[in-house]
Amino acid sequence: MIKHFNITVSGKVQGVFYRASTKRKAEELGIAGFIRNEPSGSVYIEAEGQMAQLSSLIDWCKIGPRHSNVENVHFTTGDVVDFIGFEVRY
């Protein structure tokens, strides 16, 4: 069953290729959705996939790419939108 997660990642996550790296990881895991920078300095992700895929993405988000410093990952469930692909939004 497809699930939808709304994820906010805070810390040093802008200017460190967090969005591009998350896109690659989401595509590797077969997850659809998007990621964008937020004015607060966090990143916001909407992700859809199987629970195991989403759990793997959450685990990855807690670490992030090499130059990031993740302080917090918060996620809630949402309604499935049926995204196609995973994109970086600006």
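Residue indices begin at 1 and follow the sequence shown.
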task = Scan residues 7-26 for pairs that pass salt bridge (Lys or Arg N to Asp or Glu O under 4.0 Å), counting only residues two or more places apart or in two chains.
result =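 Those involving residues 7-26 are K23-E27, K25-E28.
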Partners meeting side chain to side chain donor-acceptor pair (under 3.5 Å) with E38 (sequence neighbours left out) =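 With sequence neighbours excluded, E38 shows a side chain to side chain donor-acceptor pair (under 3.5 Å) to R36, given in chain and number order.
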query = Are F5 and Y18 joined in one hydrophobic group, where the rule is that I, L, V, M, F, W and Y side chains link up if heavy atoms are under 4.5 Å apart?
reply =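 Both belong to a single hydrophobic cluster.
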query = Would V9 end up clustered with V88 when hydrophobic side chains under 4.5 Å apart are linked, directly or stepwise?
reply =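 Result: yes, single cluster for both.
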Under 3.5 Å, which donor-acceptor pairs link side chains of residues 41-65 to any protein atom two or more places apart or in another chain?
from: S42; atom 1: OG; to: S40; atom 2: OG; distance (Å): 2.9
from: Y44; atom 1: OH; to: N6; atom 2: OD1; distance (Å): 3.2
from: Y44; atom 1: OH; to: E46; atom 2: OE2; distance (Å): 2.7
from: E46; atom 1: OE1; to: H4; atom 2: NE2; distance (Å): 3.2
from: E48; atom 1: OE1; to: D82; atom 2: N; distance (Å): 2.9
from: E48; atom 1: OE1; to: F83; atom 2: N; distance (Å): 3.0
from: E48; atom 1: OE2; to: H4; atom 2: ND1; distance (Å): 2.7
from: E48; atom 1: OE2; to: V81; atom 2: N; distance (Å): 2.4
from: E48; atom 1: OE2; to: D82; atom 2: N; distance (Å): 3.4
from: Q50; atom 1: OE1; to: M1; atom 2: N; distance (Å): 3.0
from: Q53; atom 1: OE1; to: Q50; atom 2: N; distance (Å): 2.5
from: Q53; atom 1: NE2; to: L29; atom 2: O; distance (Å): 2.7
from: S55; atom 1: OG; to: M51; atom 2: O; distance (Å): 3.1
from: S56; atom 1: OG; to: A52; atom 2: O; distance (Å): 3.2

Show me, pair by pair, the donor-acceptor contacts under 3.5 angstrom made by side chains of residues 70-79, not counting sequence neighbours?
none

ask   = Does the pair I35 and F86 meet the rule for a side-chain contact (heavy atoms from CB on, under 4.5 Å), with working shown?
value = CA-CA 8 Å; I35 185 169; F86 194 94; 3.8 Å; yes
